[in-house]
Amino acid sequence: MDKDKSSRNPKHGYNNSKDRQLEPYREKNTGPGKKMTDDNGVKVSNDQTTLRAGRRGPLLFEDYHFYKKQSFFNRERIPEKVVHARGFGVYGEFETYQSLRHLTAAQFLQEPGCKTPVFVRFSNFTGNRGSKDTAIDIRGFATKFYTQEGNYDMLALQFPVFILADSMKFMDLTHAAKPHPKVHIPQASVAHDSFWDYVANNQESAHMVMWLMSMRGRPRSWRMMAGWPINTFRFVNEQGKSTFVRFKWTPKLGVHSLLLDEANIIGGVDPDFHRRDITLAIESGHFPEYELGVQLIAEEDEFKYDFDVLDDTKLWPEEVVPVQPIGKMTLNRLVDNFFAEEEQSAFDPANLVPGIDFTNDPALQGRAFAYRDTELYRHHSSNFENLPVNKPITEKNFNLRKGRMKHRIDVDSVDYHNNSLAGNTPSEASFQEGGYVHYPGKVEGHVTRELPSDSFYDFFSQPRIFWNSLSPIEKQDLLETFVYHLGRVESQSVRQQNVEMWANVDREMACIIADKIGVERPKNSHVPVETSYPSLSQMNTPFYAYTQRVAVLIGDGFNGAEVTSTLNMLKQNGVLFEVISDSLGTVTGTDGTTLHVEKTFITTYPIVYDSIYIVGGRFENKAKLNQDIMDFVKEAYKHYKPIGVASTGQPYIRTSKNNNLAGIVFAENNPNFGHDFLSAIAQQRFWNRT
């Protein structure tokens, strides 16, 4: 069997246990001597025209090759996910920093340096499979750990809180957020009446909606997006001691976002912006990295805090419950086939390993049912866990049988338990032998539909804390995003209800929104909470130049030594740049230096770059190209992005008494230009620019 191993590179971390397991499934259809066959292995003599009765006659039913080809094509799709339909998956590896034996029996967390293969799927909640990456949306960050004890699925969002406290409302939320059932618009957006009607009438949603309307709802990249599994789980150690735990993924590049205007424009000119970004990073060897941290609350401290540990609409403040780093994940390999691996991947919060267990978190309890049931519908088979991407790397011994598309050939004559004919095998495993044993938590009380505690009904204290924690820049951004969404709501009643609701978070904020969306100012005021936490502001995240994208705007006649020195410095520091000119080919400097042109002004857009480097030069249509360069300058300037200006590019920067040129670095008479430009790229935005 001919296998294509050209993309397998052990030094990039590809050669792990999951990768080796996938190898037998990889097939190559092209190459010297390859003859086409049908799915039955019979060689095909004609794959271009149908069989017909006479040259001008009708198609014959006996054309089985056409029937096989067309009927297979008709079934190439499986139902898309109801939520998180638009996704992208990559492989990687998780390495444990230290032993957590004192907290959990999970084997992949026992020894420092233990490496576990992972598959990660990033996704958008609202839009369909063909929608845009940059939508203002809830994003999934699902990680499948292929551990030696079986698969462990960790399903995170880019926020630490959920929009509902009880799973009973999940269908209602989804219906409200999805496009209008009559006209099926808007796509991948919650800027419409039904979502905001839901919010105003289900006010436990306030906290997550604050995060959604903030910069966090528009990540610059999946590589720069945090992830929280939101639910409360238990760690259980070998002695049976339980500790409440929440997890957090922190990107090593820091948490960074697009502006509202950028997200909307990029969604039109490059709807694949995020998947293109992570593909470029992995292919160039700039592997995304995330640190996994845990927040721990001792079982005896369950009622010590002013939030309920079981309430998913509340975060555990990091200043109160510190995040302890326990390991690092590196994403280092793209899938070989999008459908077979990404589209068929399935995640389930009920896929746990010994040492990690449920709590009575009401949202988690419902999620534990919903995910598997969804995949049973999508795949029309209970065998979806045996698809290569979902298959655990451990041995599987069970009495489960049959079902659609069963690949495994079970040769046992005994398929039940208990039995004597097979020595009662497969046999049960004790906790000490690695068997999954549920934590024996105490359960008592009357059957009820009450929420676990009265603090679940405190809808506004933590949203108020979130607002208090934001910088002035972030507050202004959040306000504009609220106005953008509520300004598209047609119902004046819904707009008014929202203004009254958001006054509970901050009256001044609600008054500004009211003035902008044409309704009366609210009558009430915000809750009396003045607490703030630095961890909630993105302004306190790390900033790097590494993997930032720079557009190099250039023509012939540039200063070769100056430009080469600058580009070399960018490359040495992991900055990604693209050379853009009026036509593909090469541009030549005054000293004969040549640069390969990767994009033209027609094939790319200024909005997709983090920074620009204006070199200028000679162009065939100078007037047209000058205007193209000025379009880049205007976009970068108004979005507060760094701008580097070569000695030949100064005519493109127009100074006036109204602009302070903050974040613009000039090469003219500046021997430190390269370092200064690099520092500006690392800063990313110059909010003081005028």
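Basis for what follows: all heavy atoms, side chains included, without hydrogens, waters or symmetry-related copies. In what follows, residues are counted from 1 in the order of the sequence shown.
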Engineer: If you compare all heavy atoms of Asp312 against all heavy atoms of Ile230, which two are closest, and at what distance to 0.1 Å?
Structural biologist: OD1-O, 3.1 Å
Engineer: In terms of side-chain geometry, is the basic nitrogen of Arg246 or Glu318 positioned less than 4.0 Å from the acidic oxygen of its partner?
Structural biologist: no
Engineer: If the threshold is 4.0 Å, N to carboxylate O, is there a salt bridge linking Arg218 and Glu262?
Structural biologist: no
Engineer: Is Lys169 salt-bridged to Glu204, cutoff N-O under 4.0 Å?
Structural biologist: yes
Engineer: Tell me if the centroids of the rings in Tyr546 and His286 come within less than 6.0 Å of each other.
Structural biologist: yes
Engineer: Between Phe632 and Phe601, is the ring pair (Phe, Tyr, Trp, His ring centres under 6.0 Å) condition met? List the steps.
Structural biologist: CA-CA 9 Å; Phe632 272 78; Phe601 290 99; 5.7 Å; yes
Engineer: Rounded to the nearest 0.5 Å, how far apart are CZ of Phe482 and NZ of Lys516?
Structural biologist: 15.5 Å
Engineer: With the threshold set at 4.0 Å, does a side-chain nitrogen-carboxylate oxygen contact exist between Arg276 and Asp270?
Structural biologist: yes
Engineer: Does this structure show an ion pair linking Lys144 with Asp153, if we count only N-O contacts that are shorter than 4.0 Å?
Structural biologist: yes
Engineer: Work out which heavy atom in Glu80 is nearest to a heavy atom in Arg378; give both atom names and the distance.
Structural biologist: C-NE, 3.9 Å
Engineer: Could you tell me if the ring centre of Phe122 sits under 6.0 Å from that of Phe141?
Structural biologist: yes
Engineer: Classify the ring geometry of Phe459 against Tyr457: parallel below 30°, tilted from 30° to 60°, perpendicular beyond 60°.
Structural biologist: tilted
Engineer: Taking the six-membered ring of Tyr640 (Phe, Tyr or Trp), confirm whether the NZ or CZ of Arg685 is under 6.0 Å from its centre and within 45° of its axis.
Structural biologist: no
Engineer: Would a line drawn from the ring center of Phe94 to the ring center of Phe145 be shorter than 6.0 Å?
Structural biologist: yes
Engineer: Working to the nearest 0.5 angstrom, can you tell me the gap between Lys475 NZ and Glu508 CD?
Structural biologist: 8.0 Å
Engineer: Are Asp277 and Arg220 within salt-bridge range, i.e. N to O under 4.0 Å?
Structural biologist: yes
Engineer: Looking at every heavy atom in both Phe119 and Ser345, which two are closest together, and how far apart are they?
Structural biologist: CE2-CB, 3.6 Å
Engineer: State which residue, out of Gln548, Lys641, Glu578, fulfils the side chain to side chain donor-acceptor pair (under 3.5 Å) condition with Tyr609.
Structural biologist: Glu578
Engineer: Is the closest basic N to carboxylate O distance between Arg495 and Asp193 below 4.0 Å?
Structural biologist: no
Engineer: Could you check whether Trp228 and Phe159 have their ring centres less than 6.0 Å apart?
Structural biologist: no
Engineer: Could Arg86 and Asp272 be called an ion pair, given the rule that one side-chain N must be under 4.0 Å from one carboxylate O?
Structural biologist: yes
